[in-house]
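Scroll down for the structure; my scribbles are underneath it.
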Amino acid sequence: MAAEGTEDLGNNGELTNPSVTELYEPEVADLPKTDVEESAESGADGGDTGAPTTPYTAEGEEEEEGEMPPDFQRLWKLTSDNPQDFNSWTDLLQYCEQEGHMRACRQALNAFLLRYPLCYGYWKKFADLERQAGHVDKAEEVCERGLKAVPLSVDLWIHYINLLLGTLNMNLPESTQRIRSVFEEAVAAAGWDFHSDRLWDLYAEWEKEQGNLNFITSVYDRVLRVPTQLYNTHYEKLKAHLTSHPPQDVLSPEEYSKVRNEYKQSQIQAKKERSDISAEEEERPPGEEEPEEAVQKMQELLMASREELYQQNEAEVRKRWNFEDAIKRPYFHVKPLDRAQLKAWQSYLDWEIAEAETAAVDAEGAAVEGHEGSKQECVAGHKRVLILFERCLIACALYEEFWNKYVHYLAPHGLEEVRNVYRRACEIHLPYKHSIRLQWALFEEKHGNITEAQRILESLEMTVPGLAAVRLRRVGLERRAGRLDVAEALLKEMVEKSKDNPQLHAFYSIKLARFLHKLCKSPSRARTVLQEAIELSPDNGRLYHNLLELEMSGDLRANGGGILQCVAKALAAPLSPKTKILFSQRGLQFAEDFGTTVQSVLSMYEEHQKLLKEHDAEKGDNDETEKMSKMDDASASTVPQTAPPTMPHVPMTTPPPSMMGGDMSGSYGSYGSWYQQQQYEGYGSYQNPWNQYNQYYPPS
């Protein structure tokens with residue numbers, strides 16, 4: 001845990017309930033922006049954009065009056081101005097604790113824990129401060145809030161239980177019931193953690209203090225089925241417990257009756273094997289103790305059944321031991337994990353998922369035969385996967401890929417489970433990661449929840465303003481929902497807002513023009529949008545290109561003048577020679593294919609030749625300069641070098657071989673062949689299919 005001194009950082013509990021929605025329902029409203037060192041847009045545990053300004057107050061309590069400590073406002077401002085600076089937060093918390101000002105501590109801790117709810121050590125510290133100040137109810141409430149935020153923390157559960165043990169009147173029956181109830185909640189939430197041994201031991205020791213021997217047996221029987229680090233210690237304690245007391249004292253009445261019957265049946269069978277069929281064991285009066293031999297035999301029967309469970313659990317532990325040993329940081333921290341740790345979690349998850357899938361296949365085969373054991377193992381396998389994911393998402397809460405992996409796994413199991421994971425990821429831990437929130441919106445839209453998808457995208461745009469992907473996703477959502485007017489308004493809004501950014505304005509103008517042309521069937525409005533954008537960005541070739549495409553999509557016979565006018569406008573614009581040649585070629589092709597007068601063809605041809613000559617001259621000058629530079633470098637060298645011979649420069653206007661002597665069909669065939677040739681040295685992406693027509697026109 002970040003900045004938690006000597007706190008034990010190796011305990012992150014797990015869940016046993018396979019329903020993710022029931023397991024984890026954190027409060028996510030009005031969470032502030034959180035921190036991650038890797039990216040300015042990433043967060044750790046928050047959702048709000050501003051720093052929290054209203055401290056949390058327990059119900060029925062009012063804040064103490066009085067001024068804040070002298071340096072509090074200065075340190076508070078540092079955290080507000082730069083909430084991503086984790087050191088600023090720790091400086092603020094340390095200062096408040098040193099000053100001993102309860103109001104300042106509350107305000108600082110509440111703001112911090114809204115951003116970093118997985119820092120369980122600070123929940124413990126918060127509860128201790130409240131208890132030391134005499135606010136026991138507030139201390140309990142802080143623990144409950146912390147456990148709701150991070151229910152897998154074994155340390156926090158133990159801290160909460162010790163708080164109750166130190167404050168409740170244990171002479172009251174309801175106090176005992178409450179402690180036992182909290183223990184049950186704890187083992188249900190965190191008891192399947194590989195490092196949950198201290199929680200199970202505390203539960204068994206507490207039941208021992210209460211004198212409930214059969215309850216102790218129940219606790220150890222349950223942990224015997226859980227693969228934990230100290231599984232062997234629990235088994236040894238169970239053996240010592242069962243062999244130190246009579247069976248009737250350590251077993252429930254049902255289990256004791258079952259074991260006693262098994263013992264009787266074994267005795268009868270033994271007597272039958274000795275041919276002593278008439279011998280019958282006399283029924284003992286109620287309350288009379290069993291003979292020592294009978295007690296020993298029943299204890300052996302008890303241990304035999306538990307030995308089998310122990311062997312099965314040991315096998316599960318051995319499977320996972322290397323994976324667990326590779327995990328070095330199972331707690332939350334804002335510092336990035338190294339690649340080895342990320343790979344260790346990925347490998348562990350992949351293996352556990354494969355184990356669960358194998359168990360599911362076995363369960364399907366066993367279901368035909370009516371075996372219940374395989375079905376239970378299938379449920380346990382799914383539960384183990386959920387537990388491992390929850391553990392992983394403590395250490396890797398700031399890594400989007402693990403949330404996506406969890407969603408992918410849960411998708412076949414239920415919509416609410418997936419929705420809950422998306423909510424936790426997007427609203428608590430990764431509020432500034434736009435990609436996963438876009439996926440969440442798509443998930444909601446896919447399942448018909450359009451209103452929720454709209455809310456998600458609107459919230460994301462407020463949190464991370466200015467992302468074109470988010471605005472376009474909103475436009476797409478409205479368009480698919482049939483609300484074209486809303487989609488158009490969203491695009492128009494961005495066109496107006498982006499006038500200070502010509503590139504962005506051109507981008508949105510093109511999007512709006514296409515929308516108006518293709519969906520609203522209004523080419524005139526689309527033309528207006530592009531023309532206005534060209535006035536703002538006359539050097540943007542994409543605008544001219546889209547305007548040309550718009551003009552050519554209409555009636556070419558009626559709109560021929562508009563197309564040539566668009567080409568002329570592009571040629572007169574401050575575009576690069578490369579771009580102008582493109583437009584000139586398009587105009588020449590249009591004039592040749594669809595022009596109504598030969599004069600339009602000649603005019604476009606002459607303009608095209610002029611551009612080619614200008615480009616050729618510029619290219620020649622550059623080549624000459626480069627050649628001179630190479631010659632200078634060669635003359636300066638200690639070893640004389642002879643420059644390789646160069647081919648004479650061929651002007652770009654050189655026409656292909658004359659085809660007037662051949663037939664016309666051959667002429668057209670040569671045209672197709674010439675069209676495919678690379679004409680311009682260093683300018684191969686632009687071809688001049690019109691040079692063949694030089695034979696018809698005198699060289700200019």
Side-chain angles (χ1 to χ4, degrees), residues 1-9 11-13 26-28 30-32 34-35 44-46 48 51-64 66 68-69 72 75-76 79 83 86-168 182 186 189-190 331-334 394 397 428:
M1 191 63 55
E4 291 198 21
T6 58
E7 293 290 346
D8 184 3
L9 303 176
N11 296 279
N12 293 286
E27 296 178 345
V28 296
D30 299 326
L31 295 179
T34 55
D35 154 73
D45 302 286
D48 222 348
T53 56
T54 304
Y56 172 83
T57 306
E59 185 177 357
E61 296 285 350
E62 296 183 356
E63 294 294 340
E64 293 89 345
M68 287 293 191
F72 177 82
L75 295 171
W76 176 261
T79 60
F86 193 85
N87 291 330
S88 296
W89 285 104
T90 56
D91 291 342
L92 173 64
L93 296 174
Q94 184 178 5
Y95 172 76
C96 293
E97 186 177 4
Q98 290 175 350
E99 292 294 320
H101 195 285
M102 196 60 207
R103 180 185 169 195
C105 288
R106 283 199 186 108
Q107 181 172 336
L109 281 166
N110 278 296
F112 172 80
L113 290 170
L114 280 174
R115 298 177 184 275
Y116 303 101
L118 297 180
C119 292
Y120 69 89
Y122 285 97
W123 289 108
K124 294 166 59 177
K125 186 174 294 187
F126 196 178
D128 289 340
L129 289 173
E130 294 288 4
R131 182 181 180 183
Q132 292 167 8
H135 305 298
V136 176
D137 293 340
K138 281 189 176 182
E140 293 181 15
E141 188 173 351
V142 167
C143 286
E144 291 168 0
R145 289 170 56 205
L147 291 170
K148 191 171 184 179
V150 52
L152 305 181
S153 174
V154 173
D155 281 78
L156 192 52
W157 278 110
I158 292 175
H159 195 76
Y160 181 40
I161 291 169
N162 287 331
L163 173 66
L164 295 178
L165 289 173
T167 56
L168 293 178
V182 173
Y331 52 90
F332 172 79
H333 202 294
V334 295
I394 290 177
I428 299 179

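Atoms considered below: every heavy atom in the structure, side chains included; atoms not considered: hydrogens, waters and symmetry mates.
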Do the non-hydrogen side-chain atoms of [X] and [Y] ever get within less than 4.5 Å of each other?
X: Leu129; Y: Leu109; value: yes
X: His101; Y: Phe72; value: no
X: Tyr122; Y: Thr90; value: yes
X: His159; Y: Asp155; value: no

Requested in this report: If the plane angle is over 60° it's perpendicular, under 30° parallel, otherwise tilted; pick one for Tyr116 and Phe332.
Outcome: tilted
Report task. Mind telling me whether Tyr160 and Trp157 have parallel, tilted or perpendicular rings, with 30° and 60° as the class edges? Result -> tilted
Could you grab the distance from atom [atom1] of [X] to atom [atom2] of [Y], nearest 0.5 Å is fine?
X: Thr167; Y: Glu140; atom1: OG1; atom2: CD; value: 5.0 Å
X: Leu163; Y: Ile158; atom1: CG; atom2: CD1; value: 13.5 Å
X: Glu97; Y: Met102; atom1: CD; atom2: CE; value: 10.5 Å
X: Leu118; Y: Leu113; atom1: CG; atom2: CG; value: 10.5 Å
X: Leu168; Y: Ile161; atom1: CG; atom2: CD1; value: 11.5 Å
X: Thr79; Y: Asn87; atom1: OG1; atom2: CG; value: 12.5 Å

Query raised in the report: Is there a donor-acceptor contact under 3.5 Å from the side chain of Trp123 to the main chain of Val142?
Result: no
Query - Phe126-Tyr120 aromatic ring centre distance below 6.0 Å - result: no
Requested in this report: Please determine which of Lys125, Arg145, Arg106, Lys124 meets the salt bridge (charged side-chain N to carboxylate O under 4.0 Å, His left out) test together with Glu130.
Outcome: Arg106
Between [X] and [Y], what is the shortest heavy-atom contact and its length?
X: Ala127; Y: Ala139; result: O-CB, 3.4 Å
X: Leu147; Y: Ser153; result: CD2-O, 4.5 Å
X: Leu156; Y: Gly146; result: CD2-C, 3.5 Å

Query raised in the report: What pairs with Glu99 under salt bridge (Lys or Arg N to Asp or Glu O under 4.0 Å), at least two apart in sequence or on another chain?
Result: none
